[in-house]
Amino acid sequence: MIEKLSAIGGRALEEIEKTSSFESLDQIRVSLLGKKGSLNEVLKGLSGINPEERPVIGAAANEWKRKIEAALEVRKSSLEKVHLEQQLQKEKLDISAPARLAHRGSLHLVTQTVRRMMQIFGRLGFDVTLGPEAETDYLNFEAVNIPADHPARDMQDTFFLGPGVVLRTHTSGVQMRSMLAQKWPVRVLCPGAVYRCDHDATHSPMFHQVEGLWVDKNVRMSDLKGVLQFWARELFGSDTQIRLRPSYFPFVEPGAEVDVSCFRCRVKASDDCKICKGTGWLEVLGAGMVHPRLFEMAGYSGDTEGLSGFAFGIGVERIAMLLHEVPDLRLLFQGDVRFLSQF
Ligand code: DAH
């Protein structure tokens, strides 16, 4: 019996040593130590053996069982090591390979353009102030000297929200808000969305303006020109010229439309310039000297001798479209990432 055990055990140890897969190692374990395993089969035969020999054989059987279990364990861990080695070889990681960049969003072209303007005017001392997009009829029109019968109030242009409230049609109402909030000197920039019932390649029912207002003693039209000249050169290039053409806006007197020299053909007015269409100039904003009515409306009183100011209103989309040669305004608001991510 002892010899039989030794033969089984010895063969088992050899087999375990030779095994090269987890599956066959497991098969060996079952065939030896399982319920119907050969070691158990031997032990089942113990009943037919004389009682004195039984403990000796039992002990020998347990000893073999222990040896086999230990050998299985050793073989298993060495197979695991080999397996891990193979896996590491196969799944080589090149940690020096450049990473795939995560998708990053970008600021909308309109936001970028507004921020650029805030930077430029900020350097001239303008503070930024915001007004509500739902504005009172009074501040949007009346307080900036647009009388009740003015065509700008026409149903075609204005979105009326309710009695006395409109979606602001321009940022000029913020001029009055600023003056009601503080006495002169006032030097503010008011960027924001404005709304008009209009929709085509160059008009959108929602667009953006940047309003500027500078009120102090002895502010002159030449100051307005200097400020706009600085702005134009920062934005369109250092050799940009500006020109003021007389125009009418109810809240300024005198009023002007302001052109900048074409940054593409540089006032050479070449016929085939797509930007200025051969005129050499680009109309970019409205401006003027603050109408005295506005100071009255703001309740400015007392030492108002020599009090003056200028204001301007810039269409943000127009500037962005010119600078980046965007052919259709609607592209800015369609939310197509392929278009927007170019900027
Ligand atoms: N509010 C005018 C518009 O929406 C733009 C404008 C013109 C603003 C002249 C001004 C200005 O402050 O002085 O068309």
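Note that ligands are numbered from 1 as they come in the structure, with each ligand's atoms numbered from 1 the same way. Heavy-atom basis, side chains included; hydrogens, waters and symmetry copies ignored. Quick caveat: nothing in here was measured; it's all calculated off a predicted structure.
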task: Check the pair Arg245, Asp259 against salt bridge (charged side-chain N to carboxylate O under 4.0 Å, His left out), reporting the backbone distance first and the verdict last.
output: CA-CA 8 Å; Arg245 283 179 289 109; Asp259 301 339; 2.8 Å; yes
Worked check of salt bridge (charged side-chain N to carboxylate O under 4.0 Å, His left out) between Arg318 and Glu283: CA-CA 9 Å; Arg318 169 142 173 85; Glu283 186 193 322; over 6 Å; no
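Other residues, nucleotides and ligands contribute over 12 non-hydrogen atoms within 6.0 Å of the NZ atom of Lys217. Within 6.0 Å of NE2 in His324 there are more than 12 heavy atoms belonging to other residues, nucleotides or ligands.
For the pair Glu69 and Arg66, the salt-bridge criterion is not met [side-chain N within less than 4.0 Å of a carboxylate O].
When heavy-atom distances to ligand 1 are checked against 4.0 Å, the residues falling inside are His170, Ser172, Gln175, Arg196, Gln209, Glu211, Phe249, Phe251, Val252, Gly286, Ala287, Gly288, Ala311, Phe312, Gly313, ordered by chain and number.
A 4.5 Å side-chain heavy-atom check between Leu285 and Val260 finds every atom pair outside the cut-off.
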